[in-house]
Number of protein chains: 2
Amino acid sequence: MTPTPKDHSECTRNLLPVKDALDILGGKWKLPIIIALTFGNKRFKEMQREINGITAKMLSKELKDLEVNQLVKRTVYDTVPVSVEYELTTYGKSLHKVIGELRTWGLQHRKKVLSKAE
Amino acid sequence: MTPTPKDHSECTRNLLPVKDALDILGGKWKLPIIIALTFGNKRFKEMQREINGITAKMLSKELKDLEVNQLVKRTVYDTVPVSVEYELTTYGKSLHKVIGELRTWGLQHRKKVLSKAE
DNA sequence: CCGCATCCCCAAGGATACTG
DNA sequence: CAGTATCCTTGGGGATGCGG
């Protein structure tokens with residue numbers, strides 16, 4: 001009979017940073033982009049070709065987000081038809097561990113659920 | 001076998017399990033629910049009270065998802081007004097590490113970005 | 001108490017066309 | 001080549017009410 005037991009604000013505290021992380025990795029394209037860049041620096045068009053199904057709009061928007069969050073660095077080369085290169089920052093690479101964990105867990109899970117035809 | 005040079009199918013391979021994982025942790029409520037249950041078994045209404053802002057519909061739906069994925073166990077007690085208890089399965093608890101990583105990274109990120117008023 | 005059904009809204013994302 | 005602008009679709013999720 002506790003009037004308002006806000007012990008669960010503790011949950012919230014635990015949750016916030018997790019949501020932050022998911023906010024960055026979430027959405028449909030953030031991960032594909034980050035992972036694509038894991039394989040080396042890329043130019044815009046190049047990425048669009050590699051990331052299956054992404055539109056220029058989305059790629060542009062997501063890259064901007066990632067840039068703001070300092071996960072990706074954008075470099076403009078003053079060539080004739082201007083070329084732009086994207087690369088993961090050191091900070092962006094720090095996601096490697098998180099992604100690795102997600103991947104490991106996902107693999108395990110896939111086995112488990114697929115075996116009983118979800 | 002591959003007529004088109006899909007070297008980036010390697011990315012895809014790396015990506016799939018990650019997306020699987022995000023599929024489960026993604027959405028607005030999966031994490032709040034899992035984390036709430038981390039703090040102990042809960043009944044439906046109880047969870048609804050603890051997880052700020054969630055509707056019965058969403059709670060119900062998400063719990064079902066989690067149950068299908070074997071992360072949560074649902075137990076119905078044959079009391080007069082039926083009561084239902086939810087708990088994390090061992091498997092569900094295996095997410096702890098992943099969540100921990102997300103949380104760690106999120107904390108770090110928050111510091112970094114908040115310091116320059118995102 | 002538990003939770004589904006219905007209706008509704010909005011933001012994420014897609015298609016297409018256009019500029020520097 | 002590297003994007004931007006515009007319009008449109010979709011489905012995730014909210015509000016409310018009912019049924020077991």
Side-chain angles (χ1 to χ4, degrees), chain A residues 1-2 5 15 19-37 40-69 72-88, chain B residues 8 12 15 18-37 40-69 71-87:
Chain A
M1 310 309 181
T2 48
L15 205 51
K19 303 217 95 176
D20 280 356
L22 281 185
D23 208 48
I24 289 172
L25 302 184
K28 194 172 178 180
W29 299 113
K30 299 273 169 52
L31 253 310
I33 290 172
I34 291 172
I35 291 182
L37 287 177
N41 301 1
K42 303 275 165 63
R43 293 204 316 290
F44 190 87
K45 199 79 179 191
E46 199 174 353
M47 299 190 70
Q48 205 183 343
R49 257 178 270 121
E50 288 202 9
I51 301 172
N52 214 292
I54 197 169
T55 61
K57 174 188 162 189
M58 278 300 113
L59 183 53
S60 173
K61 177 180 166 292
E62 302 294 79
L63 280 171
K64 211 167 288 175
D65 285 357
L66 294 171
E67 205 190 341
V68 167
N69 288 324
V72 161
K73 179 158 168 259
R74 181 175 181 271
T75 311
V76 182
Y77 291 103
D78 201 14
T79 54
V80 183
V82 65
S83 71
V84 181
E85 191 176 77
Y86 292 91
E87 64 182 301
L88 274 187
Chain B
H8 51 285
T12 310
L15 206 51
V18 182
K19 303 215 97 177
D20 280 356
L22 282 184
D23 208 49
I24 289 173
L25 302 183
K28 194 171 177 182
W29 299 114
K30 298 274 169 50
L31 254 310
I33 290 172
I34 291 172
I35 291 180
L37 287 177
N41 301 1
K42 303 274 164 64
R43 291 204 316 291
F44 190 87
K45 199 78 178 189
E46 199 173 353
M47 298 189 70
Q48 204 183 345
R49 257 178 270 121
E50 288 202 9
I51 301 172
N52 215 293
I54 197 169
T55 60
K57 172 189 162 188
M58 278 300 112
L59 183 52
S60 174
K61 177 180 165 290
E62 302 294 80
L63 280 171
K64 207 168 291 174
D65 286 357
L66 295 172
E67 205 190 342
V68 167
N69 290 324
L71 300 173
V72 161
K73 179 156 167 261
R74 180 175 182 271
T75 311
V76 181
Y77 291 102
D78 202 14
T79 54
V80 184
V82 64
S83 71
V84 182
E85 191 176 78
Y86 293 91
E87 64 182 301

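So you know, we letter chains A, B, ... as the sequences are listed, proteins then strands, and number each from 1.
Neither OP1 nor OP2 of dC1(D) sits under 4.0 Å from any side-chain N or O of Ser83(A). Contact annotation: Arg74(A) side-chain N/O to dG3(D) OP1/OP2 distance is under 4.0 Å.
Nearer the 5' end of DNA chain C, as judged by each residue's closest nucleotide, is the contact made by Arg43(B), out of Ala56(A) and Arg43(B).
Evaluation of the side chain to side chain contact (heavy atoms under 4.5 Å, CB included) rule for Lys28(A) yields Lys19(B) as partners, not counting sequence neighbours. Here Glu67(A) pairs with nothing under the salt bridge (Lys or Arg N to Asp or Glu O under 4.0 Å) rule; sequence neighbours left out. Evaluation of the side chain to side chain contact (heavy atoms under 4.5 Å, CB included) rule for Val80(B) yields no partner, not counting sequence neighbours.
Here the closest heavy-atom approach between residue Arg43(A) and residue Glu46(A) is recorded as N-OE1, 3.0 Å. The two residues Val82(A) and Tyr77(A) come nearest to each other via the heavy atoms CG2-O, 3.4 Å. In terms of heavy atoms, Tyr86(A) sits closest to Val72(A) at CD2-CG1, 3.8 Å. Heavy atoms only, all atoms of each residue included: Lys30(B) and Leu66(B) are closest at CD-CD2, 3.8 Å.
Looking at Thr75(B) and Val84(B), their side chains never come closer than 4.5 Å, going by heavy atoms from C-beta outward. A 4.5 Å side-chain heavy-atom check between Leu22(A) and Leu22(B) finds at least one atom pair inside the cut-off. Counting heavy atoms from C-beta on, the side chains of Ile54(B) and Ile33(B) come closer than 4.5 Å.
An angle of 40°, rounded to 10°, separates the two end axes of the helix from dC1(C)-dG20(D) to dG20(C)-dC1(D), each defined over five pairs.
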Any N/O pairs under 3.5 Å between the protein and nucleotides 5-13 of chain C? List them or say none.
{"residue": "dG13(C)", "atom": "OP1", "partner": "Lys28(A)", "partner atom": "N", "Å": "2.8"}

Would you tabulate the nitrogen or oxygen pairs shorter than 3.5 Å linking the protein to nucleotides 18-20 of chain D?
none

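One atom, CD of Glu85(A), and another, P of dC1(D), lie 15 Å apart when rounded to the nearest Å. As rounded to whole Å, 11 Å separates atom C1' of dG14(C) from atom CD1 of Ile54(A). Following rounding to the nearest Å, Leu31(B) (CG) and dG12(D) (C1') show an atom-to-atom distance of 17 Å. Atom CD in Glu46(B) sits about 14 Å away from atom C1' in dC2(C), given to the nearest Å. Note: CD1 (Ile51(A)) to P (dG14(C)) measures 12 Å, nearest angstrom. Protein atom CE of Met47(B) is 15 Å distant from nucleotide atom C1' of dC1(C), rounded to whole Å. Straight-line distance from the CG atom of Leu66(B) to the P atom of dG3(C): 13 Å, rounded to whole Å. Atoms CG (Leu63(A)) and C1' (dC1(D)) sit 14 Å apart, rounded to a whole Å.
A distance of 7.0 Å separates CG of Leu37(A) from CD1 of Ile51(A), quoted to the nearest 0.5 Å.
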Check the pair Leu63(B) / Phe44(B) against side chain to side chain contact (heavy atoms under 4.5 Å, CB included), numbers first and verdict last. CA-CA 9 Å; Leu63(B) 280 171; Phe44(B) 190 87; 4.1 Å; yes

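Contacts of Tyr86(A) with the nucleic acid, taken as non-hydrogen atoms under 4.0 Å apart, involve only primed sugar atoms and P, OP1 or OP2.
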